[in-house]
Amino acid sequence: MLDESPKRFDRIVAILIQLQSKKIVKAQELADRFDCSLRTIYRDIRTLEASGVPIYSEAGVGYALMEGYRLPPVMFTREEVSSFIAAEKLMQKFTDPSLGSHYASAMYKLKSVLRSTDKDWVSNIESRVVMQTAEPMFNDNSPNTLAVLFEGIAEKKQILLSYKTYETDAITQRNIEPVGVFHDNNNWYFLGYCHLRQDYRQFRTDRIQGIRKTDYDFTIEHDALETYLTKTETCPTTKVRILIDKKIARYLSTEKKYHGFVSEKEIDGKIEMTFMCRDIDSGFPRWFLMFGDHATILEPESLKTRTLELLEINRQRLL
């Protein structure tokens, strides 16, 4: 039988680190992370307690360390350091300047505990990792967007938002209870309860002209972000089928999922794609025209009609 003591020791140390990272940690959360049984987690917790680690537990809630107990800084593996480098580059390019500067400060502290040889190793990699963005994700007038949103979510405080709408370019002032932040299709969004509209709305960060946290508490107990995103995905849809040249189909792998892609199959050297589309009047036909000379609309007829309308508008503009 293999000796699993080293594996168990690593797991116990990792459990202790995780206990320091959160106020409460559930046994099931630990079992899921380490892919083991609850019985194993209970045994490891008892081992930590027997070693003098002050852990208290509450049935049905989870485990926590006694206030004030801390381990000295831990050492990181080279693989963990590599992930920090990638994260730092992503933070520099894909978050707002305020949050990026906070992360840079944290990185200096993190690097300070590395061994000398690992510091050289990090330095050699840093200059050879570059992240590039196609479009600005934040407005210059609001350089601390994500930082304010995070504070509002954590403290359950409303934010005052100056927002430019897509349809009219008008700027409106709104009091929002932020529920969560998400990244989709190369843009940052946040979802919140809008007191102006008396409903939940999504907002794109590059259209935010100004943002600040207020002293007003949330008036509603909000569900998890995933709950509202799932509701958005269940909006009415229209079935769309197109037939596209095989050589072109492979270049649509990224974009197609944003238009409700469901499935595809090969037919006589071409690819038939099926979508459940939420925007058949504007988004899908405009996307289709990007590769329309290599594709055919099979259904519905309304999509064919709308695509022809857009082509006619374009033809008139070229005359």
Determine yes or no for a side-chain-to-main-chain donor-acceptor pair under 3.5 angstrom, with R174 supplying the side chain and C194 the backbone. no

Quiz item: Would S142 and T145 count as a side chain to side chain donor-acceptor pair (under 3.5 Å) if you check the C-alpha gap in whole Å, the side-chain angles of each, and the deciding distance to 0.1 Å?
Solution: CA-CA 6 Å; S142 182; T145 296; 2.7 Å; yes

Exercise for the section: In plain terms, say whether E264 and K256 are close enough for a salt bridge, that is, a side-chain N and a carboxylate O under 4.0 Å apart. Expected result: yes

- Kindly indicate whether the side chain of L310, heavy atoms from C-beta on, has any atom under 4.5 Å from the side chain of L289. yes

### Query
Any side-chain heavy atom of T205 within less than 4.5 Å of one from N187?
no

One thing to verify: whether D215 and K157 come together as a salt bridge, which I'm taking to mean a side-chain N less than 4.0 angstrom from a carboxylate O. no

CZ (R204) and NZ (K164) are apart, to the nearest 0.5 Å, by 12.0 Å

Practice task
Given side chain to side chain donor-acceptor pair (under 3.5 Å), test N175 with H195 step by step and report yes or no.
Solution key: CA-CA 6 Å; N175 270 67; H195 284 269; over 6 Å; no

query = Under 3.5 Å, is there a donor-acceptor pair linking the side chains of T305 and S302?
reply = no

Residues joined to F291 in its hydrophobic cluster, side chain to side chain under 4.5 Å directly or through other members, sorted by chain and number, are V240, I242, I244, I248, L252, F261, I271, M273, F275, I280, F284, W287, F288, M290, I297, L303

Inset, instruction - Side-chain contact test, heavy atoms from C-beta onward, threshold under 4.5 Å: evaluate it for I176 versus Q158 and give yes or no. - result: no

- Considering only NZ, NE, NH1 and NH2 on the basic side and carboxylate oxygens on the acidic side, decide whether E301 and K304 come within less than 4.0 Å. yes

Y42 meets the ring-ring contact (aromatic ring centres under 6.0 Å, His included) criterion, sequence neighbours left out, with none

Do R11 and D44 touch side chain to side chain, with heavy atoms closer than 4.5 Å? yes

**OP:** Apply side chain to side chain contact (heavy atoms under 4.5 Å, CB included) to L191 and R201, showing your working.
**Re:** CA-CA 6 Å; L191 184 142; R201 291 288 189 270; over 6 Å; no

(request) For the pair K156 and D217, evaluate salt bridge (Lys or Arg N to Asp or Glu O under 4.0 Å) and give the outcome as yes or no after the intermediate values. (result) CA-CA 6 Å; K156 294 186 177 182; D217 295 327; over 6 Å; no

Between the CD atom in E272 and the CD1 atom in I267, the distance rounded to the nearest 0.5 Å is 4.0 Å

Answer with yes or no after comparing the ring centroid distance for F203 and Y163 against a 6.0 Å cut-off, counting only values under it.
yes

Counting only heavy atoms from other residues, nucleotides and ligands, does the tally under 6.0 Å from CG of N124 exceed 12? yes

Salt bridge check: are D199 and R197 linked by an N-O gap of less than 4.0 Å? no

Subject >> Sub-4.5 Å side-chain heavy-atom contact between R278 and H259 >> reply: no

Distance col, row C36:SG vs L30:CG, nearest 0.5 angstrom, shows 8.0 Å

Exercise. Can you check whether D96 reaches P143 side chain to side chain, under 4.5 Å on heavy atoms?
Worked result: no

Self-check item: Sub-4.5 Å side-chain heavy-atom contact between L48 and S51
Solution: no

Counting N and O atoms only, with roles assigned by atom type, does the side chain of Q198 sit under 3.5 Å from a partner on the main chain of L196, one being a donor and the other an acceptor? no

**Study point:** Note, V13 side chain near F9 side chain (heavy atom, < 4.5 Å)
**Key:** yes

In this structure, CD1 of I171 is separated from CZ of R207 (nearest 0.5 Å) by 13.0 Å

Q.
Before you tell me yes or no, could you show the steps for S263 and T274 under side chain to side chain contact (heavy atoms under 4.5 Å, CB included), namely the whole-Å CA-CA distance, both residues' side-chain angles and the distance that decides it to 0.1 Å?
A. CA-CA 5 Å; S263 63; T274 301; 3.8 Å; yes

Same apolar cluster: Y193 and L225, side chain cutoff 4.5 Å: yes

Rounding to 0.5 Å, atoms CG (L38) and CG (D32) come to a distance of 8.0 Å

Query - Chi angles and distances behind the salt bridge (Lys or Arg N to Asp or Glu O under 4.0 Å) call for R46, E49 - result: CA-CA 5 Å; R46 287 196 298 270; E49 290 174 328; over 6 Å; no

Q.
Checking R43 against T47 for the side chain to side chain donor-acceptor pair (under 3.5 Å) test, could you report, in this order, the C-alpha distance in whole Å, the side-chain angles of both residues, the deciding distance, and whether it holds?
A. CA-CA 6 Å; R43 184 186 63 185; T47 300; 5.9 Å; no

Sequence neighbours excluded, the answer for ring-ring contact (aromatic ring centres under 6.0 Å, His included) partners of H183 is W188

(request) Mark yes or no for whether N144, through its side chain, and A147, through its backbone, hold a donor-acceptor pair below 3.5 Å. (result) no

d(I12 CD1, I41 CD1) to nearest 0.5 Å is 9.5 Å

The ring pair (Phe, Tyr, Trp, His ring centres under 6.0 Å) partner of F182 among F190, Y228, Y189 is Y189

| If you count the non-hydrogen atoms of other residues, nucleotides and ligands that lie under 6.0 Å from CG in D293, is the total more than 12? | yes

Determine, for E155 against K213, whether the closest basic-nitrogen to carboxylate-oxygen distance falls under 4.0 angstrom.
yes

**Q.** Short side-chain to backbone donor-acceptor contact, T227 and D223, under 3.5 Å
**A.** no

- Message: For M91, is there any backbone N or O sitting under 3.5 Å from a side-chain donor or acceptor partner on T95?
- Response: yes

- Query: So with a 6.0 Å cut-off around NZ of K247, is the heavy-atom count from everything else above 12?
  - Reply: no

Could you go through Q173 and L160, starting from their C-alpha distance and side-chain angles, then the distance that decides it, and tell me whether this counts as side chain to side chain contact (heavy atoms under 4.5 Å, CB included)? CA-CA 7 Å; Q173 300 285 330; L160 180 62; 4.1 Å; yes

